[in-house]
Amino acid sequence: MEKQLAVLGKYFGYSEFRQGQSEIISRTLNGEDVLGVMPTGAGKSICYQIPALMLEGTAIVISPLISLMKDQVSGLCQAGVRACLLNSSLSAAGQRDVITRAAAGEFKLLYVAPERLLMDDFADLASRMRISAITVDEAHCVSQWGQDFRPSYLDIPVFVGRLKERPPISAFTATATNRVKGDIAGLLGLRSPYTISTGFDRKNLFFSVLRPKDKMKETEKYLDAHIGKSGIVYCATRRAVEEVCAALCAKGHAATRYHAGLSDAERATNQEDFLYDRKTVMVATNAFGMGIDKSNVGFVIHYNMPKNIESYYQEAGRAGRDGSPADCLLLYSGMDVRTNRFLIMKSIEGNEELTPEIRESLMQKDEELLKAMVWYSTSADCLRERILRYFGEQPPGYCGNCSNCLGNYETVDVSLEARKIISCVYRLRERNRSFGKTVVAQILHGDANQKISGQGLDTLSTYGIMRDTPVRKICGIIEHLVRLGHLYATGGQYPVIELGQSYAEVTRDNKQILMKSVKYAEPLAKPPAKGLAAGDGAAQTAARQTELYERLRALRSRLASEAKIPAFHVFSDATLHAICAMLPTDGEEFLKVPGVGQRKNEMYGAAFTDEVKMHIDADRPQAEKALAEQ
Ligand code: ADP
Ligand code: ZN
């Protein structure tokens with residue numbers, strides 16, 4: 001642990017691990033396989049980069065996209081780590097050069113695309129290299145149930161099987177339902193992997209679904225209210241990208257575009273304009289974004305509904321990676337469903353790697369996933385709850401940070417309903433019976449089905465005492481009472497409802513039970529945030545901090561363009577904020593700032609601490625004046 005922390009500090013400039021990281025690293029160092037399911041921004045990369053730095057030899061990282069690899073390798077080199085990539089973007093000579101150096105053990109990490117694994121030159125290299133570990137990034141690509149099935153991911157176990165010695169394998173993904181998780185472990189041949197899901201919730205993201213008459217107007221309205229904020233507008237088709245981008249530019253927004261129909265050169269330029277903050281709005285198809293870890297994306301607008309919740313959450317999740325509050329808006333229309341059906345069909349039929357059987361089964365699966373997406377888009381329930389449930393979590397029914405929670409919910413008093421429900425469970429217990437929440441709700445609602453009348457449950461005194469409340473709503477109240485501890489749900493696949501420890505507070509002490517409940521189905525946009533009141537002390541400090549922040553940002557831009565790297569590879573926004581708060585004036589203090597490792601301190605420490613010193617000096621005359629007046 002000590003050693004791991006030292007490596008974390010030296011290369012990445014952080015002083016503690018985030019949830020899950022340390023355990024994953026230890027297991028890998030211990031030679032075990034790992035399956036890590038962690039949301040975007042959770043810090044997956046460090047989980048395999050640190051073992052790579054600590055183990056003898058070279059770690060192989062399998063990654064699906066060139067942009068993703070380039071980005072990672074460039075970030076690592078900035079941090080002083082010997083990393084390299086091997087793919088078709090290099091010339092033949094460039095590839096030979098990398099192979100020679102890799103064979104000589106020059107790199108701690110080597111990134112490759114899955115298509116390369118079974119090629120002769122790579123197999124030859126692998127046999128000459130000391131492979132410390134293998135990492136499979138975006139591991140959901142191996143599953144047909146994932147949103148991004150890539151047949152070449154099935155080559156990975158074949159490649160591993162041909163190695164003389166099998167190194168530990170770690171697999172990572174941001175989005176995986178239980179089905180996909182099972183596929184990853186099974187298809188990649190992981191050996192009793194240590195599996196960790198750190199939870200999917202991204203608390204800083206605000207989710208909203210709107211059904212506007214005019215999507216263009218709605219988009220403009222949002223952008224006008226958030227000038228200067230950087231964000232992505234995702235569209236379903238190239239044509240929509242062209243139209244939306246042109247319309248935004250005509251209105252004076254600094255927008256650019258990205259889709260597969262543009263030349264490589266234009267795509268590269270536009271992407272760079274966005275990464276380097278020269279353009280604030282990127283209008284794009286889903287071809288844009290995988291592996292772009294720009295940390296200061298303040299919003300993601302979906303102009304069209306995506307084809308499934310995995311894609312939606314991954315794309316929307318590109319907002320707010322640095323932990324700052326960010327907005328995820330989905331503009332839904334019925335037309336989007338048809339567009340998606342068409343796109344699904346086209347992509348499956350156009351994929352020549354697939355056999356007819358796989359095609360048929362993919363088609364059915366995609367239709368099922370699309371249905372869940374439509375369900376999300378039209379739901380009046382908490383949006384965050386919908387997403388998290390989809391990924392197998394048990395979130396509360398109210399998050400307070402989505403358009404449905406803010407617009408559609410009201411607090412209702414369900415004390416009376418709660419007493420009725422608890423007495424029903426109590427009566428059932430007297431008969432030594434317990435049931436799942438639906439049956440309990442049906443009894444209360446007075447339903448007359450086989451299960452109920454067949455077992456004489458209609459003779460209970462609580463039978464039918466909630467005839468006016470829909471079963472679904474009774475179930476909701478039962479779940480709420482379980483969360484409050486007044487009822488208890490057993491574990492297992494078919495949980496049954498029993499009395500909770502504190503049930504008597506409700507039945508005997510008449511405790512008031514409040515619950516958030518859906519009010520109406522038209523979602524609202526988020527109300528604008530309140531500005532700071534001018535003139536008060538906190539606001540002045542905040543203004544001074546902003547001033548320094550802007551100066552640091554300008555410095556970062558300058559250094560980044562000199563080095564020809566994106567600004568966030570110099571430092572993330574979070575690191576700049578930390579500098580503003582900590583005001584380091586020398587290298588030693590600068591090293592303590594989260595996100596500053598040894599190498600970055602050497603490269604950028606002086607420039608940033610100089611800027612801080614200038615900022616402090618500007619304050620000095622004022623402070624001296626204040627002292628003199630005392
Ligand atoms: P993921 O691949 O899971 O989306 P990344 O690996 O890109 O996430 O990490 C997201 C951000 O979090 C990066 O800026 C990274 O430097 C930062 N980060 C990772 N681990 C830590 C840590 N232990 N402490 C502070 N920041 C961290
Ligand atoms: Zn919510």
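Counting convention: from 1, in listed order, for ligands and their atoms alike.
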Worksheet item: Rounded to 10°, how many degrees is the angle SG/C402-the Zn ion (ligand 2)-SG/C399?
Response: 110°
Response to the item:
SG (C382) to the Zn ion (ligand 2) to SG (C405), nearest 10°, is 100°
At what distance is the nearest protein heavy atom to [atom], and which residue and atom is it?
atom: atom 19 (C) of ligand 1; value: I46 CD1, 3.5 Å
atom: atom 7 (O) of ligand 1; value: R321 NH2, 3.3 Å
atom: atom 10 (C) of ligand 1; value: G41 O, 3.6 Å
atom: atom 13 (C) of ligand 1; value: Y14 OH, 4.5 Å
atom: atom 12 (O) of ligand 1; value: R18 NH1, 3.2 Å

Item to complete: Would you mind listing every salt bridge (Lys or Arg N to Asp or Glu O under 4.0 Å) that reaches into residues 297-307, with sequence neighbours excluded?
Response: none
Worksheet item: Touching ligand 1 at all, P39? Heavy atoms, strictly under 4.0 Å?
Response: yes
Worksheet item: Does some non-hydrogen atom of A42 fall short of 4.0 Å from ligand 1?
Response: yes
Worksheet item: So is G43 polar-close to ligand 1, meaning N/O to N/O under 3.5 Å?
Response: yes
Worksheet item: Are any of the N or O atoms of S572 closer than 3.5 Å to those of ligand 1?
Response: no
Worksheet entry | ligand 1 contact on S45 by region, counting heavy-atom pairs under 4.0 Å | both
Practice prompt. Measure Q21 to ligand 1 on non-hydrogen atoms and call it side chain, backbone, both or neither using the 4.0 Å cut-off.
Written response: side chain
Item to complete: Could you tell me the separation between the CD atom of Q21 and the CE atom of M38, rounded to the nearest 0.5 Å?
Response: 5.5 Å
Worksheet item: Is it true that a side-chain atom of K203 and a backbone atom of P325 form a donor plus acceptor pair closer than 3.5 Å?
Response: no
Fill in: Distance under 6.0 Å and angle within 45° of ring axis: R278 vs Y276
yes
When you compare the side chains of [X] and [Y], does any donor N or O come within less than 3.5 Å of an acceptor on the partner?
X: S26; Y: Q4; answer: yes
X: R599; Y: Y604; answer: no
X: T198; Y: Q19; answer: no
X: N308; Y: S311; answer: yes

Worksheet item: Does the gap between the ring centers of F391 and Y313 come in under 6.0 Å?
Response: yes
Discussion item. Quick check: Y258 with F274 (ring centres under 6.0 Å apart)?
Written reply: no
Discussion item. Protein non-hydrogen atoms only, distance under 4.0 Å: does atom 25 (C) of ligand 1 have such a neighbour?
Written reply: yes
Fill in: Contact atoms of ligand 1, heavy-atom distance to E16 under 4.0 Å
22 (C), 23 (N), 24 (N)
Practice prompt. Could you tell me which atoms of ligand 1, counted from 1 in the order shown, lie closer than 4.0 angstrom to a heavy atom of F17?
Written response: 23 (N)
